[in-house]
Amino acid sequence: MRTHGIRVDPVLVQAAIAAALSFAHLHDLAAAAGQDGWKAWAYPISVDLLLVAAWRRLRSGTAKASGWCWFTVALAASLGANVATAGLLDLGDVPAWLRILVAGWPAVAFLGGTLLAHDTPDRDQVPVADQDEAPAPPVLSTAPELPTANPQPSAPPAAAPVPPALVALARKVADDHRTRTGTHIDTPTLRTRLGVPLPLAEAIATQLT
């Protein structure tokens with residue numbers, strides 16, 4: 001069977017070494033400033049946690065001014081302890097101002113952590129809905145339209161009843177017209193000769209054929 005070896009990331013190894021050295025320097029400085037016992041171990045933890053909280057705020061992209069401010073404060077505390085314990089400061093005779101800074105650090109770390117955890121994001125970082133977004137097009141019905149029924153042709157109006165006497169008179173007029181002209185009489189001429197309305201003249205003409 002093929003075994004996979006453990007892959008070691010050099011960057012993580014370097015970060016772990018740097019964090020351990022910084023942790024030790026902060027512990028030594030706190031102990032030299034009169035914060036002995038468990039308090040000397042709590043100081044480097046508070047500095048590292050403040051650095052991580054500030055870095056997370058910077059990565060989130062909101063309230064970057066607050067993130068950079070507290071990141072700088074925590075970085076200055078870490079670098080200050082590294083430089084102070086590098087032989088430039090007599091840890092057996094720590095000055096009073098440094099004792100005051102070390103004693104006041106817990107309040108500063110608590111304030112920074114609280115603000116980073118509960119700070120509101122910048123107003124310009126809050127996403128705003130796009131007001132120029134085009135409205136959604138209306139949904140059109142895709143149901144097929146039913147063909148409308150063809151209207152039935154209306155029945156022709158019933159012919160008006162024609163008196164038999166008027167029909168007989170019309171025959172005489174039609175015979176006289178055929179004798180004189182040799183052609184069948186048309187409806188307008190029949191209407192003129194009889195002096196009747198056009199519908200009645202049409203009804204009479206249908207009875208003459």
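In what follows, residues are counted from 1 in the order of the sequence shown.
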Is there a continuous path of hydrophobic side-chain contacts, each under 4.5 Å between heavy atoms, that joins [X] to [Y]?
| X | Y | result |
| --- | --- | --- |
| Trp68 | Trp55 | yes |
| Trp41 | Leu26 | no |
| Ile100 | Val47 | no |
| Val196 | Val167 | yes |
| Val83 | Leu75 | no |

Who passes side chain to side chain contact (heavy atoms under 4.5 Å, CB included) against Ala31, sequence neighbours left out?
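So Ala31 forms a side chain to side chain contact (heavy atoms under 4.5 Å, CB included) with Ala40.
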Contacts of type side chain to side chain contact (heavy atoms under 4.5 Å, CB included), residue Ala53, not counting sequence neighbours:
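Ala53 satisfies side chain to side chain contact (heavy atoms under 4.5 Å, CB included) with Leu116 once adjacent residues are dropped.
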Taking all non-hydrogen atoms of both residues into account, name the closest pair between [X] and [Y] and its distance.
| X | Y | value |
| --- | --- | --- |
| Leu58 | Gly67 | CD2-C, 3.8 Å |
| Leu29 | Ala84 | CD1-CB, 4.3 Å |
| Thr187 | Glu202 | CG2-CG, 3.8 Å |

Give the C-alpha distance, both sets of side-chain angles, the deciding distance and a yes or no for salt bridge (charged side-chain N to carboxylate O under 4.0 Å, His left out) between Asp175 and Arg178.
CA-CA 5 Å; Asp175 292 342; Arg178 187 183 306 109; 3.0 Å; yes
Considering only heavy atoms from C-beta outward, does the side chain of [X] approach that of [Y] to under 4.5 Å?
| X | Y | answer |
| --- | --- | --- |
| Leu51 | Trp70 | no |
| Val102 | Val94 | no |
| Trp105 | Val73 | yes |
| Arg193 | Asp176 | yes |
| Pro106 | Tyr43 | yes |
| Leu115 | Phe110 | no |
| Ile45 | Phe23 | yes |

How many angstroms lie between CZ in Arg59 and NZ in Lys64, if you round to the nearest 0.5 Å?
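Result: 10.5 Å between the selected atoms.
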Just by distance, no angles: are the side chains of Asp186 and Thr189 close enough, under 3.5 Å, to form a donor-acceptor pair?
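Their side chains do contain a donor-acceptor pair, which is all the 3.5 Å distance test asks for.
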For Arg180, does the CZ atom have more than 12 heavy-atom neighbours from other residues, nucleotides or ligands under 6.0 Å away?
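For Arg180, atom CZ is crowded (more than 12 foreign heavy atoms under 6.0 Å).
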Atom CZ of residue position Arg99 - does it have more than 12 heavy atoms of other residues, nucleotides or ligands inside 6.0 Å?
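Enclosed: over 12 neighbouring heavy atoms sit under 6.0 Å from CZ of Arg99.
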Contact list for residues 77-89, test side-chain hydrogen bond (donor to acceptor under 3.5 Å, both in side chains), sequence neighbours left out:
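Pairs touching residues 77-89 that pass the test: Ser22-Ser78, His25-Asn82.
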Would Arg191 and Leu200 count as a side-chain contact (heavy atoms from CB on, under 4.5 Å) if you check the C-alpha gap in whole Å, the side-chain angles of each, and the deciding distance to 0.1 Å?
CA-CA 8 Å; Arg191 173 178 176 272; Leu200 183 57; over 6 Å; no
